There are 2 protein chains.
Amino acid sequence: MISLAEENYLKSIYHLSQAGSKSVLTNELAEAMNTKAASVTDMIKKLSTKEFISYEKYYGVNLTAKGKAVALSVIRKHRLWETFLVEKLAFSWDEVHEVAEQLEHIQSKRLIEKLDEYLGFPKVDPHGDPIPDNNGKIKALQQVMLATLKPGADSTIVAVRDSDSHLLKYLDKIGARPGKIIKVIEREEYDGSMEVSINNQRFFLSKEVSENILVNA
Amino acid sequence: MISLAEENYLKSIYHLSQAGSKSVLTNELAEAMNTKAASVTDMIKKLSTKEFISYEKYYGVNLTAKGKAVALSVIRKHRLWETFLVEKLAFSWDEVHEVAEQLEHIQSKRLIEKLDEYLGFPKVDPHGDPIPDNNGKIKALQQVMLATLKPGADSTIVAVRDSDSHLLKYLDKIGARPGKIIKVIEREEYDGSMEVSINNQRFFLSKEVSENILVNA
DNA sequence: ATATTATTTTAGGCTTGTCTAAAATAATAT
DNA sequence: ATATTATTTTAGACAAGCCTAAAATAATAT
Ligand SMILES: [Mn+2]
Ligand SMILES: [Mn+2]
Ligand SMILES: [Mn+2]
Ligand SMILES: [Mn+2]
């Protein structure tokens, strides 16, 4: 019915449109999918024919309701599997993303329902990302990059970007996990780096890192 | 590295050669793979080039050590996943095969090691089939089709064929599970059907059914 | 030993998903 | 308003995995 490649494209389009309505451009998608613009154009046509996306030549694509449902179903599976790997199989949070990239394509409604139940219907995955429910409803978390906070502010970590395992190892080391309170001590304007405190310990975070930590808005 | 299609071919070749040494013929493989002989010949050439099989034109194929290792690894994954689905997710034994056909292709050594551990290093899957160990060692069970037993004999069920969910539902209903003792009361020579007793209950089994129940030799 | 039949391989073609190079279009700068 | 640059699409090709039809080979029957 729907191929693995198609599912991955739809998922990428969803992420790039940040669940929003702005069109996703060919080159963005090419970069995200680690492929070439020409290949993206080819796939875009197929997805458009199948009505998973609406496509205006030269101006990018948007998910249809149908396409969004597929994307959310894949994301649901991804996040449930990540939760399973961490909670049940004792994986660390930096090891799960790649495996979940494979597991998210397993086709079995029954499996994902049973898995959800087995895990106790979790609301967020190990990185703090919300898990869409069975009907494709996802709770849009009010979140903002740590990088945008001003000195003096303190805030709770909501989620962290999950696809770079080196980043995750580092965040784990400094204790930057969802639920933790993080306080901005100082911020260097010229490079965007900041000093923060987590668990009463101080750390210097590069802009890079502080953009990958999401705190509540 | 190795594709899903290639893995499935190697698994099929393994099963058809019944872990033995007799060559597997093109048409056998075509039937098992639900494909055409011409397609099989194409794939056979690829697998031969990659040295997963030895191939003598017109006389069938045999797994190399390398090919056998791949086949056993896929079978190991299949059976561990089936065990997981039944033991942890409360699937019934007739629902697991199809899902396991997908899960067996997930590539992650770590995942399968963790899963094995999580399941307590099971030796057999829900249908009684032995699970190859991490090194590709598989315990060749001494087993024989129930159909070959003579009246009066009683024997323990070791395994049942796992790929027909209707058969499995039926076997479940009559209590024909691995570990159960089954006794042959009578056998009709003309159609190979037999009357048996399981748990002190009597059943008439067609030849079809009695060939899909494996008992210890 | 030869003819018939069954099996297997080859030839040529199709779809999916990818690529490079060239052409078309849009965006930006002068 | 036009020229330059950046982006996107088209054209043409390729590998994987499948197909049908035809040719080649092996097995079997006479
Ligand atoms: Mn992930
Ligand atoms: Mn995640
Ligand atoms: Mn099975
Ligand atoms: Mn089984």
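Chain letters run A, B, ... following the sequence lines, proteins first, then strands; residues in each count from 1. Here the structure is a predicted model, which means the values were calculated and not measured.
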**Q.** Among B:Val96, B:Asn212, B:Asp94, the one residue meeting side chain to side chain contact (heavy atoms under 4.5 Å, CB included) with B:Leu168
**A.** B:Asp94
Q: Kindly state each residue pair satisfying salt bridge (Lys or Arg N to Asp or Glu O under 4.0 Å) with at least one member in residues 134-150 of chain B, sequence neighbours excluded.
A: none
**Q.** Value in whole Å for how far the P atom of C:dT16 lies from CD of A:Glu7
**A.** 16 Å
Q: Check the surroundings of atom NZ in A:Lys207: do more than 12 heavy atoms from other residues, nucleotides or ligands lie under 6.0 Å from it?
A: no
Q. OP1, OP2 of C:dT10 versus side-chain N and O of B:Lys57: anything below 4.0 Å?
A. yes
Q. How far apart are the C-alpha atoms of B:Glu104 and B:Glu82, what are their side-chain angles, what is the distance that settles it, and do they pass the side chain to side chain contact (heavy atoms under 4.5 Å, CB included) test?
A. CA-CA 9 Å; B:Glu104 71 190 8; B:Glu82 285 191 345; over 6 Å; no
Q. Among pairs that include at least one residue of residues 110-121 of chain A, which meet salt bridge (Lys or Arg N to Asp or Glu O under 4.0 Å), considering only residues two or more places apart or in two chains?
A. A:Arg76-A:Asp116, A:Arg110-B:Glu95
Q. Does the side chain of B:Tyr59 get closer than 4.0 angstrom to OP1 or OP2 of C:dT9 through an N or O atom?
A. no
Q) Checking side chain to side chain contact (heavy atoms under 4.5 Å, CB included) for the pair B:Lys88/B:Tyr118: CA distance, chi angles, key distance, verdict? A) CA-CA 10 Å; B:Lys88 301 295 184 181; B:Tyr118 188 57; 3.8 Å; yes
Q) Atom OG of A:Ser39 and atom CG of A:Asn34: how far apart are they, to the nearest 0.5 Å? A) 11.5 Å
Q: Going by the side chain to side chain donor-acceptor pair (under 3.5 Å) test, name the single residue among B:His105, B:His97, B:Lys11 that passes it with B:His78.
A: B:His97
Q. Which nucleotide in the list C:dT9, D:dC19, C:dA26 gets nearest to the side chain of A:Tyr58?
A. C:dA26
Q) What's the spacing between A:Phe52 CZ and A:Met43 CE if we round to 0.5 Å? A) 10.5 Å
Q.
Is A:Lys36 close enough to C:dT20 that one of its side-chain N or O atoms is under 4.0 Å from OP1 or OP2 there?
A. yes
Q: Mind checking the CG-CG spacing from A:Leu146 to A:Leu205? Nearest 0.5 Å is all I need.
A: 6.5 Å
(Q) For a quick test of reading the model: is some side-chain N or O of A:Ser3 closer than 4.0 Å to OP1 or OP2 of C:dT16? (A) no
(Q) Going by side chain to side chain contact (heavy atoms under 4.5 Å, CB included), B:Asp125 matches just one of B:Thr83, B:Leu85, B:Val86. Which one? (A) B:Thr83
Q. Picking from D:dG17, D:dT10, D:dA21, which would you name as closest to the side chain of A:Ala38?
A. D:dT10
Q: Check DNA chain D against residues 41-55 of chain A and give the residues with a non-hydrogen atom under 4.0 Å, in numerical order.
A: A:Thr41, A:Lys45, A:Tyr55
(Q) Please classify the nucleic acid contact of B:Ala37 as base, sugar-phosphate, or nothing, using heavy-atom distances under 4.0 Å. (A) base
Q: Examine D:dA16: is either OP1 or OP2 under 4.0 Å from a nitrogen or oxygen in the side chain of B:Tyr9? Give yes or no.
A: no
Q. Using a 3.5 Å cut-off on both pairing distances, which stems of three or more Watson-Crick or G-U pairs include DNA chain C?
A. C:1-30 with D:1-30
Q) Does CD in A:Glu31 sit with more than 12 non-hydrogen atoms of other residues, nucleotides or ligands closer than 6.0 Å? A) no
Q) In residues 25-35 of chain B, what residues come within less than 4.0 Å of DNA chain C, judged by heavy atoms? A) B:Leu25, B:Thr26, B:Asn27
Q: Kindly state which residues belonging to residues 98-108 of chain B come within less than 4.0 angstrom of DNA chain D, counting heavy atoms of the residue only, listed by number.
A: none
(Q) If the threshold is 4.0 Å, N to carboxylate O, is there a salt bridge linking B:Arg161 and B:Glu208? (A) no
Q) Can you tell me if CD on A:Glu98 sees more than 12 non-hydrogen neighbours from other groups inside 6.0 Å? A) no
Q. In whole Å, what is the span from the CD atom of B:Glu6 to the P atom of D:dC18?
A. 10 Å
